[in-house]
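Data first, discussion second: the structure below is written as structure tokens.
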Amino acid sequence: MSDSGLDLVTGGPDEPIEPTGPGRRRADTPPRKPWGRRIVALLVVVVLVGAVVVVGGKVKDRFFSSAEDYTGQGAGSVTVQIPDGAGGQQIANILKEEGVVKSAEAFYQLSLSDNRFMAVQAGYFSLRKQMSSDAALGALVDKANRVEGKVTIPEGARLDQVVDIIAANTEISKADLQAVLDDPTELDLPAVADGNPEGYLFPATYEVPPGTTAVALLKQMAAKTVSVATDLDIGTRAKALGYTGEQILTVASILEYEANNDEDYAKVARVLYNRLDAGMPLQLDSTVSYVSGRKGDVFTTPEERDAESAYNTYQNPGLPPGPIGSPGEKTIEAALNPAQGSWLFFVAVNLETGKTVFSDTFAEHNRAVAQLQEYCKTAPEGVCG
């Protein structure tokens, strides 16, 4: 008996010993798998190979086949917008839809291999129709084909100036602009504007894509004013000074015309507040010329100063009924944060440099006016009017 517990059959000396039962070990004759399993495995391999061939064919067709494409530089004209963040396939689809290229595939394949594609930027472009993909890509990276569509409104600009600037730099007509300003109900002006857009079209640079309407642009400018007012917290800060947000914008618009240097904005604001507190008329030529339409110098005539108008601060106490132009952020901030001082008068004594003298008394002010008069005797022609 064996200690292993397995029963062995022992043969003669010429017969091999062969284990039986579960201990059988014949390396030369391993158990064979049924034919059914072999057939299934073979079918799986065939299917996988077929799939690789099909997918590989599609990849080859996509990247190596010759997609339909125009030849040459094309003809005609079309304005195309490339959205911000657009990739090669999206741009290819846009060009195909606009009739620029014959197939999106041809342009897309080119975008994958041509380094120029990395220079394509978002924006509006004037392209031709039926261009080759190569010509279309070249046109997209050529700055000469970019439709800029920008307009810059300077600080202090009044409505008539805003109309002139927009009409001169965009496709929007003066007639369309004036029609909107005459009936600004679509501009969503704040209630304090009382339907008057003067002072509520914020001075800044605006993108004006082709097809922009007068309403859309002017509405954007009005919304910018509300946004800046919110950022500067005009309502709360104006109340702390004893004024309304509308009055702050009015003061800021005056600063655009009465102050000549950034450092003087807050000082002029203090003079205005001091005179208002003292019950003195503001006596500002800027508000008078707003009504008379005088341009070219900083002075007004006796006849202008005698004219009846709510904006005539020589004849009426207090602030005018509204802004006299579009104030920028610097003047709004100065109106909200006036300098400390007891000045009641100011006058520019050098109209070229903008040097301004601030005075507490009328006698001091008269001496400063004499400096201005002396300066004007030798000033270049046209500077003093």
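Reckoned from all heavy atoms, side chains included, excluding hydrogens, waters and symmetry mates. Nothing here was measured: the structure is a model prediction, and the numbers come from that model.
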**Message:** Apply side chain to side chain contact (heavy atoms under 4.5 Å, CB included) to residues Phe117 and Leu137 and explain how you reach the verdict.
**Reply:** CA-CA 7 Å; Phe117 183 74; Leu137 179 56; 4.1 Å; yes
**Asked** Can you list the steps and then say if Ser342 with Asp360 is a side-chain hydrogen bond (donor to acceptor under 3.5 Å, both in side chains)?
**Response** CA-CA 6 Å; Ser342 56; Asp360 290 352; 3.1 Å; yes
**Message:** Run Glu155 and Lys330 through side chain to side chain contact (heavy atoms under 4.5 Å, CB included) and show every step you take.
**Reply:** CA-CA 9 Å; Glu155 287 83 356; Lys330 286 183 180 179; over 6 Å; no
**Message:** What verdict does the side chain to side chain contact (heavy atoms under 4.5 Å, CB included) test give for Thr356 and Lys267, after you've listed the backbone C-alpha separation in whole Å, the side-chain angles of each residue and the deciding distance to 0.1 Å?
**Reply:** CA-CA 10 Å; Thr356 300; Lys267 289 183 178 181; over 6 Å; no
**Request:** Go through Val163 and Gln178 one step at a time and tell me if the side chain to side chain contact (heavy atoms under 4.5 Å, CB included) criterion holds.
**Result:** CA-CA 7 Å; Val163 169; Gln178 196 59 57; 4.0 Å; yes
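In terms of the side chain to side chain contact (heavy atoms under 4.5 Å, CB included) criterion, residue partners of Thr313 (sequence neighbours excluded) are, by chain and number, Leu282, Leu284, Thr287, Pro320. For Ser309, the side chain to side chain contact (heavy atoms under 4.5 Å, CB included) partners at least two apart in sequence or on another chain are Val291, Tyr311, Asn312.
Residues Leu344 and Met280 are in side-chain contact: their nearest non-hydrogen atoms beyond the backbone lie under 4.5 Å apart. Arg270 is listed as a side-chain neighbour of Gln340, based on a closest heavy-atom distance under 4.5 Å. Using a 4.5 Å cut-off on side-chain heavy atoms (C-beta onward), Met221 and Val162 make contact. Side chains of Ile324 and Ser286 form a contact here, defined as non-hydrogen atoms less than 4.5 Å apart. Residues Val180 and Pro184 have side chains not in contact (no heavy-atom distance under 4.5 Å, counting atoms from C-beta outward). Val271 has its side chain out of reach of Pro338: every pair of non-hydrogen atoms, C-beta onward, lies at least 4.5 Å apart. Side-chain contact between Val208 and Leu217: present, with at least one pair of heavy atoms (C-beta onward) separated by less than 4.5 Å. Side-chain contact check for Lys102 versus Lys96: every heavy-atom pair is 4.5 Å or farther apart.
Side chain of Asn261 to backbone of Glu263: no donor-acceptor contact under 3.5 angstrom is found. Arg294 places a side-chain N or O within donor-acceptor distance of the main-chain N or O of Phe299, the cut-off being under 3.5 Å. A donor-acceptor pair under 3.5 Å links the side-chain atoms of Thr213 to the main chain of Ala216, judged by distance alone. When atom types are taken as modelled, the side chain of Ser227 and the backbone of Ala223 share no donor-acceptor pair closer than 3.5 angstrom. Put simply, the side chain of Asp176 never gets that close to the backbone of Ile172: no donor and acceptor are under 3.5 Å apart. No donor-acceptor pair closer than 3.5 Å links the side chain of Gln81 to the backbone N or O of Gly123. A donor-acceptor distance shorter than 3.5 angstrom exists from the side chain of Thr170 to the backbone of Ile166, with no hydrogens or angles considered. The backbone N or O of Ile234 lies less than 3.5 Å from no partner atom in the side chain of Thr236, so there is not a single donor-acceptor pair. In this structure, Asn93 contributes its side chain and Gln89 its backbone to a donor-acceptor pair below 3.5 Å. Looking only at distances, a side-chain donor or acceptor of Gln247 sits under 3.5 Å from a matching main-chain atom of Thr244.
Here the closest heavy-atom approach between residue Ala368 and residue Val347 is recorded as CB-CG1, 3.4 Å. Here the closest heavy-atom approach between residue Val288 and residue Glu304 is recorded as CG1-O, 3.4 Å. Of all the heavy atoms in Pro197 and Gly195, the pair that sits closest is CD-O, 3.4 Å. Between Gly325 and Ser253 the shortest heavy-atom distance is O-CB, 3.5 Å. Nearest heavy atoms, Thr331 versus Pro327: OG1-CB, 3.6 Å. Between Glu198 and Arg158 the shortest heavy-atom distance is OE1-CA, 3.5 Å.
Both Val141 and Val80 belong to a common hydrophobic cluster when Ile, Leu, Val, Met, Phe, Trp and Tyr are linked at side-chain heavy-atom distances under 4.5 angstrom. Leu276 and Ile332 end up in the same hydrophobic cluster when Ile, Leu, Val, Met, Phe, Trp and Tyr side chains are linked at under 4.5 Å. Using a 4.5 Å cut-off between side-chain heavy atoms of Ile, Leu, Val, Met, Phe, Trp and Tyr, with links allowed through other members, Phe346 and Tyr314 fall into different hydrophobic clusters. Transitive grouping of hydrophobic side chains (ILVMFWY, heavy atoms separated by less than 4.5 Å) brings Leu189 and Tyr206 into a common cluster. Transitive grouping of hydrophobic side chains (ILVMFWY, heavy atoms separated by less than 4.5 Å) keeps Tyr108 and Val100 in distinct clusters.
Within a 6.0 Å sphere centred on CD of Glu186, other residues, nucleotides and ligands contribute 12 heavy atoms or fewer. Within a 6.0 Å sphere centred on CD of Gln161, heavy atoms belonging to other residues, nucleotides or ligands number more than 12. Counting heavy atoms of neighbouring residues, nucleotides and ligands inside a 6.0 Å radius, atom CG of Asp84 does not exceed 12 of them. The neighbour count for Glu171 CD, taken as heavy atoms of other residues, nucleotides or ligands under 6.0 Å away, does not exceed 12.
Atom CG of Asp188 sits about 13.0 Å away from atom CD of Gln220, to the nearest 0.5 Å. Atoms OG1 and CG, from Thr250 and Leu272 in turn, are 11.0 Å apart once rounded to the nearest 0.5 Å. With rounding to the nearest 0.5 Å, the separation of CD in Gln371 from CD in Gln373 is 10.5 Å. Between Phe125 atom CZ and Leu140 atom CG the span is 6.0 Å, to the nearest 0.5 Å. In this structure, Tyr375 OH and Leu351 CG are separated by 5.0 Å, a value rounded to the nearest 0.5 Å. With rounding to the nearest 0.5 Å, the separation of OH in Tyr70 from NZ in Lys129 is 9.5 Å.
Taking the six-membered ring for Trp, Phe345 and Phe358 have ring centres at least 6.0 Å apart. Remark: aromatic rings of Tyr290 and Tyr257 are distant, center separation not under 6.0 Å.
Side chains of Asn145 and Ser126: a donor-acceptor N/O pair is absent below 3.5 angstrom, by distance only. A donor and an acceptor atom, one from each side chain of Asp285 and Thr300, are located under 3.5 Å apart. Defined by atom type and a distance below 3.5 Å, a donor-acceptor pair is missing between the side-chain atoms of Glu333 and Tyr265. Looking only at atom types and distance, the side chain of Arg305 has no donor-acceptor partner in the side chain of Gln283 under 3.5 Å away.
Residue pairs meeting the salt bridge (charged side-chain N to carboxylate O under 4.0 Å, His left out) criterion with at least one member in residues 375-385, sequence neighbours excluded: Glu374-Lys377.
Between Asp114 and Arg116 there is a salt bridge, since at least one side-chain N of the basic residue sits less than 4.0 Å from a carboxylate O of the acidic one.
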